[in-house]
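Below is one structure; the comments refer to it alone.
Since we're looking at a predicted model, the values are computed, not measured. We count ligands from 1, going down the list as the structure has it; atoms in each ligand are counted the same way.
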Amino acid sequence: MKYGGTNMQDARAVRHSASLAARSIREGVKVVVVVSAMAGVTNQLLKLADAAQSGDIASANDEIAAMRTRHFTAAQELGAAPDSDTVREIREMHETLRQAVYGVYLLRELTPRSRDLIVAFGERLSAPLMKLALEQDGLRAHHLSGGEAGIVTDTHFGNARPLPGTYERIKDRLSGLLSAGVTPVVAGFMGETEKGAITTLGRGGTDFSATIIGKALSATEVWGWKDVDGVMSADPRVVADARNVDVLSYGEVMELAYFGAKVLHPLAVTPLQDSGIPLRLKNSADPDFAGTLVQAEPRDEAGHPVKAVTAIRNVSIINVSGAGVLGIPEVIASVFDAIARENVTLLMVSQSSSMSNVSLAVQTVDAERTLNALRAGVSLELKVEQQDHVAVLAIVGSGMRGQKGVSARLFTALAAADVNILMISQGSSELNVSVAVEAEHVDEATRAVHAAFNLGKSVIA
Ligand SMILES: Nc1ncnc2c1ncn2[C@@H]1O[C@H](COP(=O)(O)OP(=O)(O)O)[C@@H](O)[C@H]1O
Ligand SMILES: N[C@@H](CC(=O)OP(=O)(O)O)C(=O)O
């Protein structure tokens with residue numbers, strides 16, 4: 001069972017989260033609990049690390065002090081005595097965090113490795129709180145960091161991937177606890193390299209920690225507790241009548257997560273794919289509601305080829321052009337080589353059939369790196385231009401496979417909403433169609449598309 005930031009945000013939320021796990025444990029289910037940082041803490045840690053690097057140690061220390069008060073208050077409200085293990089552990093972790101941040105300040109250097117060490121404290125500080133709440137509920141529990149739980153990763157700090165040996169190691173580390181009737185509480189989002197350096201799995205990575213552990217233990221199911229009814233037909237903050245999607249395939253949920261549905265880490269289902277372990281996303285405020293079941297096979301409803309619409313903001317389009325030049329395949333190869341070297345995620349690629357133009361959609365944070373890599377790596381004289389303030393909107397659903405008219409319906413809806421399309425892409429898997437639009441129109445575009453495919457509550461429920 002995975003609990004996100006909202007489900008860990010204060011003592012009340014932690015107590016409720018623990019009660020949900022306790023309910024299953026009392027029914028005889030063996031549960032591993034995986035926790036995220038309290039809501040907002042990860043962003044706070046990233047911000048204070050940047051402040052320390054830029055020499056502003058006073059603000060960094062103020063942020064740490066505010067965070068420490070939050071952790072101590074939660075511990076106290078959960079019933080921890082001032083001389084308890086929980087309070088001592090929180091104090092020690094905060095002291096180590098303060099020292100690490102001071103080191104960044106002295107060196108004025110924040111490497112991806114030190115950033116991971118700092119940012120993982122969010123999850124490490126949540127774990128003792130959950131352990132305490134489970135104990136208060138009458139259960140036995142033990143908390144572990146990601147590394148202690150056996151999550152071994154590569155050295156790709158900030159975006160690490162589990163190494164194959166991780167699964168055996170997790171089984172070794174957690175099976176004993178489970179068979180002794182002790183509930184392991186694992187700090188999510190983090191792992192460790194083989195040499196013991198702390199890594200993180202990318203934003204939203206606690207979902208990924210949970211599925212890695214689920215695979216290692218051949219879990220019956222992995223549950224992600226959310227503050228929404230599972231995966232919705234659109235971001236409920238944008239579309240008021242978004243409704244819950246009851247079943248999605250691994251492939252569909254990956255597309256949705258990749259194209260911006262914040263509800264799940266894009267790689268979270270990958271560990272489950274071979275074994276077919278189901279993932280359930282459930283609302284902690286309504287635990288008896290089934291939520292969304294994510295499984296190997298899609299379930300399609302006749303007449304509803306699209307299941308959800310989603311969007312990524314803060315996108316830039318990089319346009320590479322030069323008449324005739326791109327007709328040479330080696331040049332195309334060098335464009336992709338340059339991008340691969342920078343490890344940039346391409347959201348969309350489109351090439352004009354004259355081969356004189358390639359457009360690439362990337363996150364705006366990656367745009368400058370992409371531009372520099374292209375200018376340095378592509379030898380022929382090409383024009384490389386950047387367009388900012390773009391968003392990518394995608395419709396997802398396995399039911400659109402072989403269905404005629406889906407794109408037409410999408411384009412008609414966008415045209416009726418007076419939204420201009422900058423780029424179009426459809427994979428041959430036919431699980432999604434994506435379009436780039438001007439960022440300022442993305443919300444109205446999302447609502448228009450949601451309505452055009454009859455995804456709303458009032459229509460289907
Ligand atoms: N298609 C979608 N379905 C469900 N939630 C979505 C979707 N798109 C965006 N969201 C947003 O994602 C949030 C859940 O993500 P997040 O807060 O990261 O989860 P966690 O509870 O794991 O921390 C929801 O509150 C919702 O606002
Ligand atoms: N705390 C990390 C990892 C995570 O998964 O968080 P959440 O479950 O609250 O999205 C983040 O903010 O990225």
Which residue owns the protein heavy atom closest to [atom], what's the atom, and how far is it?
atom: atom 16 (P) of ligand 1; value: K262 NZ, 3.5 Å
atom: atom 19 (O) of ligand 1; value: K226 NZ, 3.7 Å
atom: atom 7 (C) of ligand 1; value: D235 CA, 3.8 Å
atom: atom 11 (C) of ligand 1; value: R237 NH2, 3.4 Å
atom: atom 13 (C) of ligand 1; value: D227 OD1, 4.2 Å
atom: atom 3 (N) of ligand 1; value: M232 N, 2.8 Å
atom: atom 5 (N) of ligand 1; value: V263 CB, 3.6 Å

Pairing donors with acceptors under 3.5 angstrom, does anything connect the side chains of H450 and S233?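 Per modelled atom types, H450 and S233 side chains form a pair under 3.5 Å.
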Is it the case that the side chains of T206 and S209 hold a donor-acceptor pair, with the cut-off being a distance below 3.5 Å and no angle test? no
Could you tell me which non-hydrogen atom of V263 sits nearest to which non-hydrogen atom of K226, and how far apart they are?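 Heavy atoms only, the tightest pair is O-NZ, 2.7 Å.
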Measure the acute angle between the ring planes of F72 and H94, then classify it against the limits of 30° and 60° as parallel, tilted or perpendicular.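 Judged by the thresholds at 30° and 60°, the geometry between F72 and H94 is tilted.
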W225 and W223 aromatic ring geometry - parallel, tilted or perpendicular at 30°/60° bounds: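 The arrangement is perpendicular - the two ring planes meet at more than 60°.
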Do [Y] and [X] meet the salt-bridge criterion of a basic N to acidic O distance under 4.0 Å?
X: D10; Y: R12; result: no
X: D300; Y: K307; result: yes
X: R23; Y: D137; result: no
X: R98; Y: E95; result: yes
X: D116; Y: R113; result: no

Beyond-backbone contact of F157 with T111, side-chain heavy atoms, under 4.5 angstrom: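 No, side chains not in contact.
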Looking at side-chain heavy atoms only, is the closest gap between L264 and L279 below 4.5 Å?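 Yes, their side chains come closer than 4.5 Å.
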Under the criterion salt bridge (charged side-chain N to carboxylate O under 4.0 Å, His left out), I'd like the reasoning laid out for D85 against R88: C-alpha separation, chi angles, the key distance, then a yes or no. CA-CA 5 Å; D85 284 350; R88 184 182 47 76; 3.4 Å; yes
Quick one: which ligand 1 atoms are inside 4.0 Å of a heavy atom on [X]?
X: G4; result: 20 (P), 21 (O), 22 (O), 23 (O)
X: V231; result: 3 (N)
X: G230; result: 3 (N), 4 (C)
X: K2; result: 20 (P), 22 (O)

Does [X] reach ligand 1, in the sense of a heavy atom lying below 4.0 Å from it?
X: G5; result: yes
X: T310; result: no
X: G204; result: no
X: S233; result: no

Can you pull the residues with any heavy atom under 4.0 Å from ligand 2?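 Ligand 2 pocket, heavy atoms under 4.0 Å: K2, G4, G5, S36, T42, E123, F189, R203, G204, G205, T206.
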Test your reading of the structure: does N7 have an N or O sitting under 3.5 Å from an N or O of ligand 1? no
Main chain of D172, side chain of S175: is a donor-acceptor contact present, judged purely on distance under 3.5 Å?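 Flag not set: sc S175 to bb D172 has no pair under 3.5 Å.
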